[in-house]
Novice: 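Before I ask anything, here is the structure I am working with.
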Amino acid sequence: MSNLTNLVTQLQAGPVLYKKRHTLALLFDVFAVQSEMSLADPDELVLGYTQLMMGFLLFNAAPRSIGMIGLGGGSLAKFCYRHLSDALIEVAEICPQVIAVRGEFMIPPDGPRFKVHCQDGADFVARNKSRFDVLLNDGFDKAGQPPQLSSRRFYDDCYASLAPQGMMVTNVLGGEKNTDAQVDAMRDAFKGEVYVIDAYDSLNQIAFACKGDLLKVDLRTMMERTRFIPCLHSATLRLIAHGIAYARDGVVTECSM
């Protein structure tokens, strides 16, 4: 049996760990990497879309409560746990098989400021009203984004789960037939305060949505803030700032700091 055939057989039974020379990956199918970890630096954000999702730091550099939907290999969870030491972090992951391999990805154990719930993300937000300063939504299965994590009702519950100046960041599969409808549902739930930028290394798109006026910051202010966020590369932060400004304003004049 070839290596590829063996991998396909394993994937039929559930998520698979795939070790390469420098990384460990979590696969749901043979066509896409769900999560990837650097063996040399387990807390590094290897995939570009995860770096973009951390762009919320331009608007809230010190959140006290972070909710996450989708654990995967724990890239975002570990990064937030390491760099945002004052934040309480709760993660909803529906798949027990994913939670079972958390040790392989060096995900911290549950403790006073970190907890993983085996729970549907839709139930997770519905039960946490006015709770989170930041909500990171990266919930996928082998078929893509589940319907219960892309509906208007779900985004209404996401909005309700946020603190008065809270922000939701959602990973969206660009180019899918339901992507536009999904983004429209976000805009309806968030009263239009949703801006979408493209990932630079994949077909993913990252949607930033806020409850309040966090996203009304001008480009110059965002660029100034890139100086004070040491955990992310300044080039990535500038890319996010320009992307949000363009999505919001339709035009961006050059503003280098």
Side-chain angles (χ1 to χ4, degrees), residues 3-4 6-8 10-57 66-85 87-111 113-121 124 134-146 149 168-173 199-206 231-233 236:
N3 290 337
L4 179 59
N6 185 47
L7 178 60
V8 171
Q10 293 179 58
L11 285 165
Q12 291 172 348
V16 168
L17 301 182
Y18 185 72
K19 188 174 182 179
K20 295 184 282 186
R21 180 178 300 178
H22 301 296
T23 64
L24 178 67
L26 181 68
L27 307 180
F28 284 172
D29 61 46
V30 296
F31 301 106
V33 174
Q34 199 281 336
S35 188
E36 192 164 11
M37 178 184 76
S38 166
L39 296 173
D41 185 358
D43 295 340
E44 178 188 359
L45 294 176
V46 174
L47 300 179
Y49 87 87
T50 60
Q51 298 173 27
L52 295 188
M53 290 186 73
M54 290 301 302
F56 71 80
L57 292 170
I66 300 175
M68 298 185 183
I69 297 175
L71 177 66
S75 299
L76 289 166
K78 289 185 295 182
F79 191 84
C80 289
Y81 185 81
R82 175 178 175 179
H83 295 287
L84 302 174
S85 58
L88 301 178
I89 302 166
E90 292 191 68
V91 187
E93 171 56 58
I94 196 172
C95 180
Q97 293 166 299
V98 170
I99 297 174
V101 297
R102 64 188 286 180
E104 300 288 340
F105 286 94
M106 302 184 190
I107 297 170
D110 286 358
R113 68 181 188 93
F114 184 82
K115 185 172 179 61
V116 177
H117 304 272
C118 189
Q119 186 178 18
D120 190 306
F124 177 67
V134 174
L135 178 64
L136 300 178
N137 180 14
D138 190 22
F140 286 83
D141 58 25
K142 64 173 58 179
Q145 206 147 31
L149 299 185
M168 177 187 77
V169 186
T170 300
N171 180 21
V172 178
L173 283 179
Y200 48 80
D201 63 348
S202 67
L203 296 177
N204 300 73
Q205 294 178 303
I206 306 303
C231 60
L232 284 177
H233 196 286
T236 298

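We number each residue from 1, following the sequence as shown.
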Novice: Output the distance between atom CG (N171) and atom CG (L52), rounded to the nearest 0.5 Å.
Specialist: 9.5 Å

Novice: Minimum heavy-atom separation for A199 and Y49, please, with both atom names.
Specialist: CB-CB, 4.2 Å

Novice: Considering only heavy atoms from C-beta outward, does the side chain of R82 approach that of P108 to under 4.5 Å?
Specialist: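 Result no, sub-4.5 Å side-chain heavy-atom pair not found.
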
Novice: Which atom names give the shortest non-hydrogen contact between G72 and Q34, and what distance separates them?
Specialist: CA-OE1, 3.4 Å

Novice: Given side chains that start at C-beta, do those of F124 and V91 come closer than 4.5 Å, heavy atoms only?
Specialist: no

Novice: Less than 4.5 Å apart, side chain to side chain, heavy atoms only: is that true for H22 and S38?
Specialist: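 A side-chain contact under 4.5 Å is absent here.
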
Novice: When S35 is tested against each of L26, T23, V46 for side-chain contact (heavy atoms from CB on, under 4.5 Å), which residue passes?
Specialist: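 The option that passes is L26.
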
Novice: Do F79 and L232 pass the side chain to side chain contact (heavy atoms under 4.5 Å, CB included) test, and can you show the C-alpha distance, the side-chain angles, and the key distance before you say yes or no?
Specialist: CA-CA 10 Å; F79 191 84; L232 284 177; 3.9 Å; yes

Novice: Does the side chain to side chain contact (heavy atoms under 4.5 Å, CB included) test come out yes or no for H233 and Q51, once each step is laid out?
Specialist: CA-CA 9 Å; H233 196 286; Q51 298 173 27; over 6 Å; no

Novice: Using a 3.5 Å distance criterion without hydrogens, assess whether the side chain of E93 forms a donor-acceptor pair with backbone atoms of L71.
Specialist: yes

Novice: Atom CD1 in I69, atom CG in L135: separation rounded to 0.5 Å?
Specialist: 5.0 Å

Novice: Might you point out which heavy atoms bring C80 and F56 nearest each other, and give the distance in Å?
Specialist: SG-CZ, 4.5 Å

Novice: Counting distance only, does the side-chain N/O of R113 pair as donor-acceptor with the main-chain N or O of Y81 below 3.5 Å?
Specialist: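 Present.
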
Novice: Please evaluate residues Q145 and T170 with respect to the criterion side chain to side chain contact (heavy atoms under 4.5 Å, CB included), reporting the C-alpha separation (whole Å), side-chain torsions for both, the decisive distance (0.1 Å), and the verdict.
Specialist: CA-CA 11 Å; Q145 206 147 31; T170 300; 4.2 Å; yes

Novice: Below 4.5 Å, heavy atoms only, C-beta onward: do V169 and N137 meet side chain to side chain?
Specialist: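 No, their side chains stay 4.5 Å or more apart.
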
Novice: Can you check whether V98 reaches F105 side chain to side chain, under 4.5 Å on heavy atoms?
Specialist: no

Novice: Does a side-chain heavy-atom distance below 4.5 Å link M37 with E104?
Specialist: no

Novice: Between the main-chain N or O of M68 and the side-chain N or O of D138, is there a donor-acceptor pair closer than 3.5 Å?
Specialist: no

Novice: If you take all heavy atoms of T50 and L76, which pair is closest and at what distance?
Specialist: O-CD2, 3.6 Å

Novice: Has L39 got more than 12 heavy atoms of other residues, nucleotides or ligands less than 6.0 Å from its CG?
Specialist: yes

Novice: Do you know which of I66, V134, I89 makes side-chain contact (heavy atoms from CB on, under 4.5 Å) with L84?
Specialist: I66

Novice: Can you name the closest pair of heavy atoms from L45 and S75 and give their distance?
Specialist: CD2-O, 3.6 Å

Novice: I need the minimum non-hydrogen distance between M106 and K78, along with the two atoms involved.
Specialist: O-CD, 3.4 Å

Novice: Please evaluate residues L173 and N204 with respect to the criterion side chain to side chain contact (heavy atoms under 4.5 Å, CB included), reporting the C-alpha separation (whole Å), side-chain torsions for both, the decisive distance (0.1 Å), and the verdict.
Specialist: CA-CA 5 Å; L173 283 179; N204 300 73; 4.1 Å; yes

